[in-house]
Peer 1: 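After the structure tokens below, expect a handful of questions from me.
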There are 2 protein chains.
Amino acid sequence: MYIQVKNVNFTEELKIMLNKNRIPQYKKLYQILRKHVDEGIYRQGDLLPSENELCQLYGMTRPTVRQALSALANEGYIRKHQGKGSIVTNMPRDIGILSVSGTTSAVGDRNLRTKIIVKPVLIPWPQEFMFPLSDIERESGCIYMERLRLLDDEPIFYDISYIANINLPRITARKFENRSLFKILRDHYQVEIKGGEQRIKAIPASAKISRYLKLKRGSPVLHLERKMETNVNGLYLYSSIYCNTHKYSIFGRF
Amino acid sequence: MYIQVKNVNFTEELKIMLNKNRIPQYKKLYQILRKHVDEGIYRQGDLLPSENELCQLYGMTRPTVRQALSALANEGYIRKHQGKGSIVTNMPRDIGILSVSGTTSAVGDRNLRTKIIVKPVLIPWPQEFMFPLSDIERESGCIYMERLRLLDDEPIFYDISYIANINLPRITARKFENRSLFKILRDHYQVEIKGGEQRIKAIPASAKISRYLKLKRGSPVLHLERKMETNVNGLYLYSSIYCNTHKYSIFGRF
DNA sequence: TAAATTAACTTGTATATACAAGTAAAAAAT
DNA sequence: ATTTTTTACTTGTATATACAAGTTAATTTA
């Protein structure tokens with residue numbers, strides 16, 4: 001018995017391998033600028049360098065720079081004004097809960113604490129899941145976790161997360177206290193959230209939810225069911241989020 | 001007494017006037033394709049003509065066509081797949097409530113009826129408004145209206161709208177039954193919603209809201225406060241929306 | 001001094017071109 | 001017949017260029 005090897009040009013293969021994780025220039029610039037906004041190097045209201053300046057700084061042509069900027073504009077990080085320039089938007093981090101980022105970034109990282117209620121465990125998917133699942137997802141099982149998010153020591157979010165166990169080695173061993181699940185996925189697994197869908201309801205607090213969110217039973221609670229698409233084919237993130245909106249509203253840009 | 005006329009080249013002025021309402025090519029294509037999707041000429045899952053075909057069909061170059069397509073993709077009308085093509089997304093109309101379009105399009109126009117509770121009237125702005133107002137907005141007064149939206153004869157949305165009275169002649173005379181406010185603004189005033197922000201809460205139904213939405217007092221209701229930016233400088237639309245989410249969820253893509 | 005014009009920026013729109021990379025079906029090889 | 005390769009499509013990335021149009025500040029003009 002022998003293994004048949006496909007007839008390939010190995011130098012070609014190697015080139016492809018090396019180029020596989022190649023990040024396009026416009027995406028590099030996008031990531032740099034987003035990081036600068038996130039880290040406060042550019043603050044709200046600041047003017048970004050002009051497109052021509054960015055061309056010079058990073059050695060690209062204007063269409064490439066514009067591609068990066070329009071990605072930032074689409075996600076609400078900046079707003080472009082003809083004749084003036086690109087202005088950093090007031091609260092890019094607050095897109096959060098209604099957009100691409102996770103709940104950690106939804107409130108600005110400041111006074112948010114995360115308490116793990118149920119550590120990440122690998123379980124079979126629930127019989128009746130809130131979204132339809134593919135066969136691959138069903139087969140690979142589900143990484144399940146429950147987290148309580150406290151803002152100024154008040155419980156605000158109760159998160160239940162479900163992730164298909166696809167290509168995420170050792171994820172159940174990681175620490176999720178005070179870190180965004182999304183950041184971990186991005187930094188350690190190169191998983192980027194690309195979009196998704198959600199359903200929103202106002203519901204009366206159940207016994208469990210009222211206990212965790214320290215509310216009276218039956219008082220109104222915001223309930224989000226979210227399905228998030230990633231750059232990894234077939235990998236979706238699901239979460240069911242209960243929010244105490246008595247004191248804080250959920251804020252979003254669109 | 002005489003009126004001093006600015007020294008201008010009138011042919012130049014005329015040219016500018018005529019070009020003033022000129023719509024860019026990519027925007028024309030964007031509008032055409034969006035209309036086709038809205039009207040069901042392209043249905044969910046359908047493949048749009050390829051970029052090169054669109055180039056030929058509409059006499060543009062590929063970058064221009066791509067600009068139109070990426071606008072559609074950003075708003076969730078299509079999804080692009082390298083190597084395959086642009087696929088019409090399952091429920092582009094349902095972006096509605098959480099995105100750019102109005103509530104009429106949020107549920108697909110089908111069984112939605114609109115009942116005017118308070119006809120559009122010009123009033124001064126409320127003392128304590130949910131969003132800060134500019135001086136121009138305050139001075140120009142506020143077009144106010146209340147509408148109840150029924151889905152299959154069940155009251156679902158209670159809309160309170162506020163619009164600054166800037167350059168919207170005769171708007172209080174228009175009929176808003178069963179039509180989207182946004183569509184009227186777009187078709188008659190060339191006002192396009194470009195983005196905005198919103199706050200979402202779960203609150204107990206007040207006496208008024210419970211009456212209109214046919215709910216028990218105190219039962220959970222979704223409350224949205226929205227500020228929408230337009231292409232008209234200084235013109236914002238505001239609305240306060242109460243939703244009965246017992247039967248239906250609010251759905252959104254991001 | 002005050003108004004108007006000009007100049008020097010900014011982003012917006014558009015063309016033309018080239019090659020990379022993903023997909024799917026036809027064609028060729030086994 | 002089955003597998004592999006090729007081919008012909010698709011969208012993605014990138015450059016180079018040009019002019020339009022909005023904004024702001026400096027300059028000129030009255």
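In what follows, every chain begins at residue 1, and chains take the letters A, B, ... in the order their sequences are listed.
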Peer 1: Closest approach to the side chain of Pro24(B), judged atom by atom: which nucleotide of dG12(D), dT24(D), dT13(C) is it?
Peer 2: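 Nearest nucleotide to the side chain: dT13(C).
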Peer 1: Nearest whole Å is fine: how far is dT10(C) C1' from Leu69(A) CG?
Peer 2: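 Taking atom C1' of dT10(C) as the reference, CG of Leu69(A) is at 12 Å.
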Peer 1: Over the length of the helix from dT1(C)-dA30(D) to dT30(C)-dA1(D), how much do the five-pair end axes diverge, rounded to 10 degrees?
Peer 2: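 The angle separating the two end axes equals 10°.
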Peer 1: OP1, OP2 of dT13(C) versus side-chain N and O of Gln67(B): anything below 4.0 Å?
Peer 2: yes
Peer 1: For Tyr30(B) and dT13(C), give me the distance from atom OH to atom C1', rounded to whole Å.
Peer 2: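 The answer, rounded to whole Å, is 17 Å.
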Peer 1: Please answer whether the main-chain N or O of His36(A) pairs with a side-chain N or O of Glu39(A) as donor and acceptor at a distance below 3.5 Å.
Peer 2: no
Peer 1: Could you tell me which residues satisfy side chain to side chain donor-acceptor pair (under 3.5 Å) with Ser239(A), sequence neighbours excluded, listed by chain and number?
Peer 2: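 For Ser239(A) there are no side chain to side chain donor-acceptor pair (under 3.5 Å) partners, ignoring immediate neighbours.
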Peer 1: Distance from Tyr162(A) atom OH to Met130(A) atom CE, nearest 0.5 Å?
Peer 2: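 Answer for the OH-CE pair, Tyr162(A) versus Met130(A), is 5.5 Å.
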Peer 1: Take the protein atom OH of Tyr26(A) and the nucleotide atom P of dT15(D), then report the distance between them rounded to whole Å.
Peer 2: 13 Å
Peer 1: Taking side-chain contact (heavy atoms from CB on, under 4.5 Å) as the test, write out the residues that go with Ala73(B), two or more places apart.
Peer 2: Ile78(B), Lys80(B)
Peer 1: Just N and O in the side chain of Gln82(B): are any of them under 4.0 Å from OP1 or OP2 of dA20(C)?
Peer 2: no
Peer 1: Quick one: on DNA chain D, does Gly83(A) or Gln25(A) contact a more 5' nucleotide (nearest heavy atom)?
Peer 2: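 The residue closer to the strand's 5' end, by nearest nucleotide, is Gln25(A).
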Peer 1: Select one nucleotide: of dT15(D), dT13(D), dA18(D), the one nearest the side-chain heavy atoms of Met60(A).
Peer 2: dT15(D)
Peer 1: I need the minimum non-hydrogen distance between Leu47(B) and Lys84(B), along with the two atoms involved.
Peer 2: CD2-O, 4.2 Å
Peer 1: Rounded to the Å, how far apart are Asn52(B) CG and dG12(D) C1'?
Peer 2: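 After rounding, the reported distance stands at 13 Å.
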Peer 1: To the nearest Å, give me how far apart NZ (Lys84(B)) and P (dT11(D)) are.
Peer 2: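 Rounded to the whole Å, the gap is 12 Å.
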Peer 1: Between dT11(D) and Arg66(B), is there an OP1 or OP2 to side-chain N/O distance shorter than 4.0 Å?
Peer 2: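 False: Arg66(B) side-chain N/O out of range (4.0 Å or more) of dT11(D) OP1/OP2.
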Peer 1: Does NZ or CZ of Arg226(A) fall inside the cone over Phe131(A)'s six-membered ring, less than 6.0 Å from its centre and within 45° of the axis?
Peer 2: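 Judged by the rule, Arg226(A) and Phe131(A) form no cation-pi pair.
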Peer 1: Taking atom CD as the centre, does Gln56(B) end up with more than 12 heavy-atom neighbours from other residues, nucleotides or ligands that are less than 6.0 angstrom away?
Peer 2: no
Peer 1: Quick check for you: among dT11(D), dA16(D), dA24(C), whose closest atom lies nearest to any side-chain atom of Ser86(B)?
Peer 2: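 My answer, after comparing the listed nucleotides, is dT11(D).
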Peer 1: Using atom NZ of Lys80(A) as one end and atom P of dA21(D) as the other, report the distance to the nearest whole Å.
Peer 2: 18 Å
Peer 1: How close or far is atom C1' of dA14(C) from atom CG of Leu54(B), stated in whole angstroms?
Peer 2: 16 Å
Peer 1: dT17(D) phosphate, OP1 or OP2: any side-chain N/O from Thr61(A) under 4.0 angstrom?
Peer 2: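 Looking at the OP1 and OP2 atoms of dT17(D), neither is under 4.0 Å from any side-chain N or O of Thr61(A).
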Peer 1: Do the side-chain N or O atoms of Ser50(A) get closer than 4.0 angstrom to the phosphate oxygens (OP1, OP2) of dT10(C)?
Peer 2: yes
Peer 1: Honestly, is Lys227(B) close enough over Tyr238(B), meaning NZ or CZ under 6.0 Å from the six-membered ring centre and within 45° of the axis?
Peer 2: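 No; the conditions do not both hold, so Lys227(B) does not lie above the ring face of Tyr238(B).
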Peer 1: Here's a test of your reading of the structure: between Gly85(A) and Pro63(A), which maps to the more 5' nucleotide of DNA chain C?
Peer 2: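 Its nucleotide being nearer the 5' end, the pick is Gly85(A).
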Peer 1: How long is the line joining CD1 of Ile87(B) and P of dG22(C), in whole Å?
Peer 2: 17 Å
Peer 1: Taking the minimum atom-to-atom distance to the side chain of Arg62(B), which one of dT17(C), dC19(D), dT13(D) wins?
Peer 2: dT13(D)
